[in-house]
Chemist: 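The following block contains the structure, expressed as structure tokens.
Indexing begins at 1, ligand by ligand and atom by atom, following the structure's order.
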Amino acid sequence: MLSSALIALLPVLAGVVQGVAVERNGRWDSDSWGVQSQGHGHGFSNRWQNPALVTCQALTANILDGCPEGTLLVDGSGNWTTSTNSTKTHGSKASTATFTTIQAAIDSIPYASSKTYTILITPGEYNEQVNITQNAAITMLGVTSNVTDPTANTVTVYRELANYNVRYTDNVWTANLIVAPTYNSSATGAGPSGTPVAADTPWGNKDLRVYNVDFVNNYSQYSSGPSLALSTAYSYSSFYRCGFYSEQDTIFIGKRGSAYMHECIIAGQTDFLYGFGTLWVQDSEIQMRACGGGIIAWKGSNLTDSFEPGTYDSNHFGCYIDNANFVAANQTVYDDWQGKCYLGRNWNEGHRSVISNSYMDHTVAGQGYEKWTASIPLPTPVFFGEYNSTGDGFNLTARVAANITHEMTAAEVAKYSFANVFGSKKPSWIDSHCL
Ligand SMILES: *[C@@H]1O[C@H](CO)[C@@H](O)[C@H](O)[C@H]1NC(C)=O
Ligand SMILES: *[C@@H]1O[C@H](CO)[C@@H](O)[C@H](O)[C@H]1NC(C)=O
Ligand SMILES: *[C@@H]1O[C@H](CO)[C@@H](O)[C@H](O)[C@H]1NC(C)=O
Ligand SMILES: *[C@@H]1O[C@H](CO)[C@@H](O)[C@H](O)[C@H]1NC(C)=O
Ligand SMILES: *[C@@H]1O[C@H](CO)[C@@H](O)[C@H](O)[C@H]1NC(C)=O
Ligand SMILES: *[C@@H]1O[C@H](CO)[C@@H](O)[C@H](O)[C@H]1NC(C)=O
Ligand SMILES: *[C@@H]1O[C@H](CO)[C@@H](O)[C@H](O)[C@H]1NC(C)=O
Ligand SMILES: *[C@@H]1O[C@H](CO)[C@@H](O)[C@H](O)[C@H]1NC(C)=O
Ligand SMILES: *[C@@H]1O[C@H](CO)[C@@H](O)[C@H](O)[C@H]1NC(C)=O
Ligand SMILES: *[C@@H]1O[C@H](CO)[C@@H](O)[C@H](O)[C@H]1NC(C)=O
Ligand SMILES: *[C@@H]1O[C@H](CO)[C@@H](O)[C@H](O)[C@H]1NC(C)=O
């Protein structure tokens with residue numbers, strides 16, 4: 001969102017000065033977990049595993065142990081493919097091919113296929129844009145010694161790009177990962193409905209699953225324009241114990257895009273969850289790196305729904321966050337930004353978001369959401385939902401007085417249950433082990 005860059009920058013520059021940044025893997029946090037995340041009974045359950053994947057992801061001497069036959073190996077470091085020590089190579093469990101970049105592995109997959117492709121990525125930093133247009137089931141695995149802990153991830157896809165001063169024709173150029181069939185469908189565009197997408201646009205990937213991979217877009221330590229970690233559209237994608245670290249517009253779920261995130265870490269400052277499509281975030285951590293704009297900025301449209309195009313009431317686009325921790329990324333942010341982070345703001349008149357059963361530390365503003373004055377005025381069909389929040393960031397008196405955030409009843413929140421939003425309790429494109 002171009003206009004938000006300017007709005008957000010002003011209050012933020014002041015926050016940049018203090019604290020000696022401890023940069024770890026492109027994340028500037030003093031701690032991979034937000035300061036208040038532990039001990040609230042929220043967020044990470046650290047229990048479920050997909051038994052078919054755990055051994056494959058483990059850091060074994062024979063790196064492809066436990067992987068499906070034909071797994072594509074991405075080894076940027078060369079430690080597993082060039083070693084003369086044969087126990088370090090992939091031995092008898094031959095990979096069909098070995099690549100040094102993730103995109104090269106993606107490019108080896110046919111555009112349309114009914115096969116499932118598994119890609120195993122060895123530890124390291126991958127400085128590339130990954131662009132997936134294929135309509136074939138793809139499972140992307142990061143090697144890790146602890147699949148249940150997203151702070152232990154060893155694979156980072158990083159970029160250092162922001163659409164600073166609109167230097168690119170669209171935000172999508174900055175994204176670490178694109179999941180969309182065409183350029184136009186992946187673009188943010190401008191105006192209430194964004195870049196037009198041709199009616200004959202095919203669907204992109206309908207089953208992308210990514211496990212234990214971090215996407216870090218570290219152009220700067222504060223909002224400097226859109227800086228995407230993820231851009232999806234016309235696709236179904238899911239992410240498990242992944243990290244998305246950027247400052248502004250971190251995650252874009254575009255038209256007809258549906259995405260599911262489980263036990264992920266999503267970090268940003270300004271409008272860091274935005275889009276037209278449908279995003280469900282479960283048991284995750286929303287990390288505030290400063291405040292500006294809102295956390296969620298959604299555009300709704302009766303044309304952008306994945307399931308039943310129709311009226312606002314009959315479609316289920318929106319951003320849904322359940323059982324999450326909304327916490328300051330580190331102690332400096334916690335100390336400096338009390339009461340300053342808004343839960344979200346309406347990017348257009350069709351914004352819809354529901355935050356349920358979540359813990360919020362004191363960085364969340366008393367009023368909850370805010371109106372985006374630059375866009376179409378309230379009321380409705382903007383929907384700024386909240387249900388059963390806890391923590392110092394939840395001030396019911398302030399919420400009611402401002403009359404912007406809609407405190408939902410149990411019956412109202414049930415209308416936006418997982419099954420209602422996705423039309424199924426266990427959509428086939430989501431790993432059923434975590435549902
Ligand atoms: C805290 O996080 C902010 C935002 O990412 C960063 O600018 C700052 O350097 C961090 N401070 C410390 C002490 O890590
Ligand atoms: C971003 O992270 C990469 C990988 O850790 C690092 O090489 C690069 O210097 C970082 N960029 C900035 C601007 O800090
Ligand atoms: C080969 O690697 C294995 C496992 O890392 C190690 O135990 C062994 O000593 C190595 N052999 C040689 C000849 O380097
Ligand atoms: C690759 O191996 C070298 C030498 O053992 C080691 O220093 C380096 O950390 C390894 N890199 C990765 C990404 O594992
Ligand atoms: C994996 O990480 C989780 C969460 O940090 C921790 O509870 C668990 O003990 C770890 N497991 C292992 C084997 O290290
Ligand atoms: C992604 O790949 C598609 C197909 O090759 C291409 O049309 C599109 O321009 C690419 N997107 C970007 C941002 O490079
Ligand atoms: C992409 O959108 C632009 C306008 O934003 C349009 O001029 C162009 O024809 C579109 N391209 C395709 C392939 O639909
Ligand atoms: C979408 O909404 C617009 C404006 O309310 C209306 O003109 C149009 O017919 C609607 N389209 C569909 C497919 O319902
Ligand atoms: C409220 O959320 C907490 C988790 O924060 C959960 O344990 C509790 O069951 C929820 N209450 C209701 C009524 O849903
Ligand atoms: C709260 O705002 C709504 C419109 O969004 C309005 O209809 C209602 O009267 C307001 N309530 C109060 C108490 O101001
Ligand atoms: C809650 O908000 C009200 C109204 O803005 C304010 O007077 C009160 O001090 C706040 N409570 C806390 C604990 O911050």
Chemist: Would you check if the side chain of Ser235 reaches a backbone N or O of Thr232 as a donor-acceptor pair within less than 3.5 Å?
Modeler: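 Pair absent, no side-chain N/O of Ser235 close to backbone of Thr232.
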Chemist: Taking 4.0 angstrom as the limit and counting only heavy atoms of Pro123, give me the atoms of ligand 4 inside it, by number and element.
Modeler: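 Near Pro123, the atoms of ligand 4 are 13 (C).
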Chemist: May I ask you to check if the distance between the SG atoms of Cys291 and Cys341 is under 2.5 Å?
Modeler: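 Cystine link detected, SG atoms below the 2.5 Å cut.
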Chemist: As an exercise, identify every atom of ligand 1 less than 4.0 angstrom from a heavy atom of Gln221.
Modeler: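 Counting atoms of ligand 1 from 1, those under 4.0 Å from Gln221 are 6 (C), 7 (O), 8 (C), 9 (O).
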Chemist: Write down, by chain and number, every protein residue that brings a non-hydrogen atom to less than 4.0 Å from an atom of ligand 5.
Modeler: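 Lining ligand 5: Asn46, Asn146, Thr148, Asp149.
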Chemist: Looking only at atom types and distance, does a side-chain atom of Asn388 sit under 3.5 Å from a main-chain N or O of Ser358, one as donor and one as acceptor?
Modeler: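 Checking the backbone N and O of Ser358 against the side chain of Asn388, no donor-acceptor pair under 3.5 Å is found.
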Chemist: So do the side chains of Tyr320 and Phe418 get within less than 4.5 Å of each other, counting heavy atoms only?
Modeler: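 Result no, sub-4.5 Å side-chain heavy-atom pair not found.
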Chemist: Do any N/O atoms on Asn79 end up under 3.5 angstrom from N/O atoms on ligand 4?
Modeler: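 Yes, Asn79 has an N/O under 3.5 Å of an N/O on ligand 4.
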Chemist: Atoms of ligand 1 less than 4.0 Å from Thr332 heavy atoms?
Modeler: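 The list of qualifying atoms is 11 (N), 13 (C).
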Chemist: Which atoms of ligand 1 sit under 4.0 Å from any heavy atom of Arg289?
Modeler: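 What qualifies from ligand 1 is 4 (C), 5 (O).
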Chemist: Would you say Tyr183 and Trp173 are linked by a side-chain donor-acceptor pair, where the criterion is simply a distance under 3.5 Å?
Modeler: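 The answer is yes; a qualifying pair exists.
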Chemist: Among residues at least two apart in sequence or on other chains, which ones pass side-chain hydrogen bond (donor to acceptor under 3.5 Å, both in side chains) with Ser389?
Modeler: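 Ser389: side-chain hydrogen bond (donor to acceptor under 3.5 Å, both in side chains) contacts with Glu386.
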Chemist: At a 4.0 Å threshold, what atoms of ligand 4 neighbour a non-hydrogen atom of Ser77?
Modeler: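 It comes down to these atoms of ligand 4: 13 (C).
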Chemist: When you measure from the side chain of Glu128 to the backbone N and O of Ile102, does any donor-acceptor pair fall under 3.5 Å?
Modeler: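 It does hold such a pair.
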Chemist: Looking only at atom types and distance, does a side-chain atom of Trp280 sit under 3.5 Å from a main-chain N or O of Val421, one as donor and one as acceptor?
Modeler: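 A pair under 3.5 Å: no.
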Chemist: Consider side-chain hydrogen bond (donor to acceptor under 3.5 Å, both in side chains). Of Tyr240, Tyr260, Tyr211, which one does Asp431 pass it with?
Modeler: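 With Asp431 as partner, Tyr240, Tyr260, Tyr211 yield a single side-chain hydrogen bond (donor to acceptor under 3.5 Å, both in side chains), made by Tyr211.
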